[in-house]
Amino acid sequence: LNGVPGFPLPTVHSQKAYDPQDSFTAKWTRADAMQIKAHSDTSVAAGQNSLPQQLVMPDVPADFPATNPDVWVWDTWTLIDKKANQFSYNGWEVIFCLTADKNAGYGFDDRHTHARIGYFYRRAGVPASRRPANGGWIYGGHLIPEGAQEQVFAGTDYTITAEWSGSMRLLDPTSNKVSLFYTDMAFNRNAAGQDITPSQAVITQSLGQIHADFNHVWFTGFTTHTPLLRPDGVLYQNGAQNPYYNFRDPFTFEDPQHPGVNYMVFEGNTAGQRGTADCTAEDLGYRTNDPHAETVQQVLSTGAYYQKANIGLAVAENSSLSKWKFLPPLISANCVNDQTERPQMYIKDGKYYIFTISHRTTYAAGVDGPDGVYGFVGNGIRSDFQPMNYGSGLMLGNPTDLNEAAGTDYDANPNQNPRAFQSYSHYVMPDGLVESFIDTVEGRRGGALSPTVKVRLRGDASVVDTRYGNNGLGGYGDISANRAAINVVGF
Ligand code: FRU
């Protein structure tokens, strides 16, 4: 890798695989993340995109269609097997989305404490060009019977609960049994919305059945909710250590190198008391004698140690996937970023990619990057992961001017690109197709499915495929199956 004049070199990462049980944690270092700024154009007019065009999601039009008139839609996932193949069921495509009632009197930014997993379906095998502009998803309602997920919090104090992201496994393509892995959330807040005690985040399993006839899709089950993992404060930070801890978004898979073993990746934080100034030279990742290196003291003096994301790993201890054990994190981002969300393991051509979403506003002091997808590649599920693209980690960002302050999705900086928050919560599907939700485009709030885009992967580099769809933008919510499950019992 050649350096950029005026910037440090990225950290050397071998991509070498370790045993999944090993304690080696790869680092997404400051030297790595610094490559994003190194490749950002300082001469663009204010509010343009300063990032390399091939890593940027094309502009989402401001006249995007709503996915549904009654519910906001954000984080979305599909019906997958242990290899992340996406299944249709008896001729229907199905998606699972965090949803919130548009008519309940709270705003889009209050959605998180009202989140319910909803499902949508549409007929499989229809090209995007012959579907309604919004993708044609029919809303099926909530997946979990009202209040059933509160059993996980029995005997604890809480004022409101929510269902946050996860994934859905089709346990066997010849049956209708499905396993939901999601984040069961309980908040204990006063009338002003402040935490009385830290929120509880519990990675939870619930089993159900999918059904379909010629007219619709529906689900039964999801009445029993089994808590799988609570952060232990040893490998993964908990609420006692940091009321702002992140612990959520389970994604399960099998590793072809370890047949029959099920693993889970999830969003976590490095364990320890919030505010402990302990980032190390390894977290910074500079090469010996790099003239542009920061010292540990310099970094710690900025407060960058408040941001300590990690990508967690757990292993299933039984075949029904109802007992899991923590393993050490796969990647940490100490003094780099506080959130590595909705991680997924994507195995292609013998390479193991971890994709995760992150925000500009969760970066530590002195490092910067856009909202979007970050990627890391190695030779096994636990590796010395190489951050994608110039060693930076950035894979698919929103159009952003890194020379201007971020602003927020609800309160834009007028000098920022009006699409810096156009999309979020991307999920990479088979063939490099990427779905996400629309947050804010030119001040218009979304809560709708984004146009699907396509990323082409070549080793540790990627590009947005501008030959896909309309100059790179596919259909809104074009989330298609690449496999079909046919269950004769269901007919
Ligand atoms: C990503 C995310 C997830 C979480 C959900 C809550 O958009 O932060 O990590 O499960 O949103 O709404």
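Both backbone and side-chain heavy atoms feed into the values below; hydrogens, waters and symmetry mates do not. Each ligand, and each atom within it, is numbered from 1 in the order the structure gives. Remember, it's a predicted structure, so these values are computed and weren't measured experimentally.
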* **Exercise: do Tyr427 and Asp75 side chains pair donor with acceptor under 3.5 Å** => no

* Which atoms of ligand 1 are found less than 4.0 Å from any heavy atom of Asp249? -> 3 (C), 4 (C), 9 (O), 10 (O)

* To do: Under 4.0 Å, heavy atoms only, figure out whether ligand 1 is touched by the backbone of Ser425, its side chain, both or neither.
  => side chain

* Could you walk me through whether Asn398 and Ser423 pass the side-chain hydrogen bond (donor to acceptor under 3.5 Å, both in side chains) test, one step at a time? => CA-CA 7 Å; Asn398 282 336; Ser423 64; 2.7 Å; yes

* Asked: Are the aromatic rings of Phe96 and Phe120 close, with centres under 6.0 Å apart?
  -> no

* Ring centre gap for Phe376 and Trp28 strictly below 6.0 Å -> yes

* Under-4.0 Å salt bridge between Arg131 and Glu93 -> yes

* Structure fact -> for atom 1 (C) of ligand 1, nearest protein heavy atom and its distance come out as Asp75 OD2, 3.1 Å

* Asked: Does the pair Gln86 and Thr78 meet the rule for a side-chain hydrogen bond (donor to acceptor under 3.5 Å, both in side chains), with working shown?
  -> CA-CA 6 Å; Gln86 299 191 164; Thr78 54; 3.1 Å; yes

* Distance filter under 4.0 Å to Ser165 heavy atoms, resulting ligand 1 atoms -> 10 (O)

* Asked: Does some non-hydrogen atom of Thr183 fall short of 4.0 Å from ligand 1?
  -> no

* Going by distance only, is there an N or O of Arg342 that falls short of 3.5 Å from an N or O of ligand 1? -> no

* Tell me which part of Glu267 gets within contact of ligand 1: side chain, backbone, both or neither, using heavy atoms under 4.0 Å. => side chain

* **Structural part of Leu98 in contact with ligand 1, heavy atom criterion under 4.0 angstrom** => side chain

* To do: May I ask you to check whether His112 has an N/O atom sitting below 3.5 Å from an N/O atom of ligand 1?
  => yes

